[in-house]
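To start, the structure itself, in structure tokens.
Each chain gets a letter, A, B and so on, in the order the sequences are listed, and its residues count up from 1.
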Amino acid sequence: MALDDPNFLIYNYFQDMAMKRIKINRLTGYDTSPGKVLIKGWVRTRRDAKGFSFMEINDGSCLNNIQVVAGSELANYTDIQGITTGSAVAVAGDLVASPGKGQKWEIQADTVEIISLAPETYPLQKKRHSDEFLRTIAHLRPRTNKYGAAFRIRSEMVHAVHRFYREKGFFYLTSPVITGSDCEGAGEMFRVTSLDPDAVLKQGKMDFSQDFFGQESNLTVSGQLSAEMFALALGDVYTFGPTFRAENSNTSRHVAEFWMLEPEMAFCDLSGNMDHGEELVKYLVNHALTACTDDLDLFTKFVDKNLAGRLKTLSEKTFERMSYTEAIGILEKSHKKFTYEVSYGTDLQSEHERFLAEEYVKKPVFLFDYPKEIKPFYMRINDDDKTVAAVDLLVPGIGELIGGSQREERLDVLESRMAQMKMPKEPYWWYLDSRRYGSVPHSGFGLGFERFLMMVTGISNIRDVIPFPRTPGSIDF
RNA sequence: UCCCCAGUAGCUCAGUUGGCAGAGCAAUUGGCUGUUAACCAAUGGGUCCGCGGUUCAAAUCCGUGCUGGGGAGCCA
């Protein structure tokens, strides 16, 4: 760096001041000016005025930009006038009350260091972009107001999940991502192998005994079975991590890799399970309402006008609870024209679920006690011997947010159910052991974390609440 | 996987009955200005998604493939 280089002067300035960088979200908190501040961030927009230049800087710490006023007396003013949208800068100067409208503070710059100048090919413009376009530049979209807000809320909600469970005395279980059983659930699974595809092709078949684990292995579709084992040891546990489904689902509510929260509670029946789900959802929503107000305001203004009302309902109204049988009765009595007929014994269609949650109860509703024929082996058989202690939470505008059950804890009942469903016992020897030794009633559920975020933000496509979405035919970034 | 819709400048879109490729914003240049999606003017910018067909002539009509969106199924 040459001595007459403006950046040399700036470097010396920072050395002399020995200033620490401050994040923009802390600036708004000041009632009186702290004097000199140093901020670093990315330029959202720049405008010239006579004798000085306005810049709006965002550092990702919050929705707000800070306006910087850079005067023509600055050594590198000519360079400053060439600063483009998307460039990275460090600005030091006095935090002063802004005479302009729209912001409380602005920085009267002593120095503006250009860390990195963005060329004119920077794809993000000052105007609104479509979600579809932003998905094609998913590596840059967190630099927009909407996606910055979405991912700050996502982070805040992750912390809230852990805090909720810690406060309730649950233990966090990191269940395995690679699993050996291929029949954990109904969904298609992603195969995990270290075999060379060309070699397999030459041999003409997969020899799993030659594979890394010596048997078929897959990415997990649920941590539930692991969680059950640990609930029966530590009492109350939860898993929270990535989950994989190889279903060829092309909808705004499905991705191949998503995060699922799965609590599992010993000595807990289906009713306790529902209590817990309702408490969890209310806690998370309330936390969002108090901790993410600025970001949520953006979604209420620009994304979903009904968001505030829906969050209020989630926070304040008691969730409805009704049995599957009751729900069928309501649907039949509704005399609504459905594309699919309502009939006892079959699973409810989307249109039926939507009617119940959005039109009939107009708030979240737990549906429980489903016919055993349409539910998996591990759900507890009720005394009527026709239904199982399953539960789904249906939320207006979102659909199924939670799916869970009380688990079958009686060894003989579980074994005969597996036999009826023609499932092999051997791979589940360890699962059945838990019913052999100190088996107790227990319950749990899975909550789709991205679907929860859709509910909290009003974002209507699941691809927009996950950093880099994986969907059929799409794994860019 | 099935049904419906769309694909035209960097972005958002218009393009009439098949007859010369357009606008706004962005970019670049200049002007003006305590501005704030700044403003004013000029300039540059096109594989009309790909392939095949019909036609004197295709962005436009037909077939097919790809990509994206909405809905359904599967589910969280």
A:F54 has its side chain closest, among B:U36, B:G34, B:G70, to B:G34
Under 3.5 Å, is there a donor-acceptor pair between the A:E228 and A:Y431 side chains?
yes
Using a cut-off of strictly less than 4.0 Å, decide whether A:R245 has a side-chain nitrogen or oxygen near OP1 or OP2 of B:C75.
no
Looking at A:S53, does any N or O in its side chain come under 4.0 Å of the phosphate oxygens OP1/OP2 on B:U35?
no
A:Q67 has its side chain closest, among B:U36, B:C75, B:G73, to B:U36
Using the six-membered ring wherever Trp is involved, compare the ring planes of A:Y344 and A:Y324 and label them parallel, tilted or perpendicular (cut-offs 30° and 60°).
perpendicular
When the ring centroid of A:Y172 is compared with that of A:F170, is the distance short of 6.0 Å?
no
Quick note, A:K101 side chain, CB onward, closest among B:U36, B:C25, B:G69 is B:U36
When you measure from the side-chain N and O atoms of A:K126 to the phosphate of B:A38, is any distance below 4.0 Å, counting only OP1 and OP2?
yes
Among B:U36, B:A76, B:G34, which is the nearest nucleotide to the side chain of A:F258?
B:A76
What about A:H276 and A:F445, are their ring centers closer than 6.0 Å?
yes
B:G70 phosphate, OP1 or OP2: any side-chain N/O from A:N461 under 4.0 angstrom?
yes
Would you please confirm or rule out a distance under 4.0 Å between OP1 or OP2 of B:U12 and any side-chain N or O of A:S130?
yes
With a 4.0 Å cutoff (strictly under), does any side-chain N or O of A:K50 reach OP1 or OP2 of B:U33?
yes
Complement of B:U67, any strand, by Watson-Crick or G-U distances under 3.5 angstrom:
B:A6
What is the ring orientation for A:F366 with A:F319, classed by angle as parallel under 30°, tilted 30 to 60°, or perpendicular over 60°?
tilted
Could you please name the partner base of B:U35, counting Watson-Crick and G-U wobble pairs only when both distances are under 3.5 Å?
none
Do the side-chain N or O atoms of A:T251 get closer than 4.0 angstrom to the phosphate oxygens (OP1, OP2) of B:G73?
no
Strictly below 4.0 Å: does A:R253 bring a side-chain N or O up to OP1 or OP2 of B:G71?
no
Closest to the 5' end of RNA chain B, once A:H254 and A:R463 are matched to their nearest nucleotides, is A:R463
Under 4.0 Å between a side-chain N/O of A:R135 and OP1 or OP2 of B:G69, yes or no?
yes
Identify, between A:S460 and A:F52, the residue whose nearest nucleotide on RNA chain B lies closer to the 5' end.
A:F52
Of the listed B:U35, B:C75, B:G73, the closest approach to the A:R451 side chain comes from B:C75
If you look at every strand shown and take non-hydrogen atoms under 4.0 Å, does A:R354 touch a base, only sugar-phosphate, or nothing?
sugar-phosphate
Using 30° and 60° as the class limits, which term best fits the ring planes of A:F133 and A:H129: parallel, tilted or perpendicular?
tilted
Which nucleotide, in any strand shown, forms a Watson-Crick or G-U wobble pair with B:C20, with both distances under 3.5 Å?
none
Does the structure show a Watson-Crick or G-U wobble partner for B:A58, both distances under 3.5 Å? Name it, or say none.
none
Watson-Crick or G-U wobble partner for B:A41, using a 3.5 Å limit on both distances?
B:U29
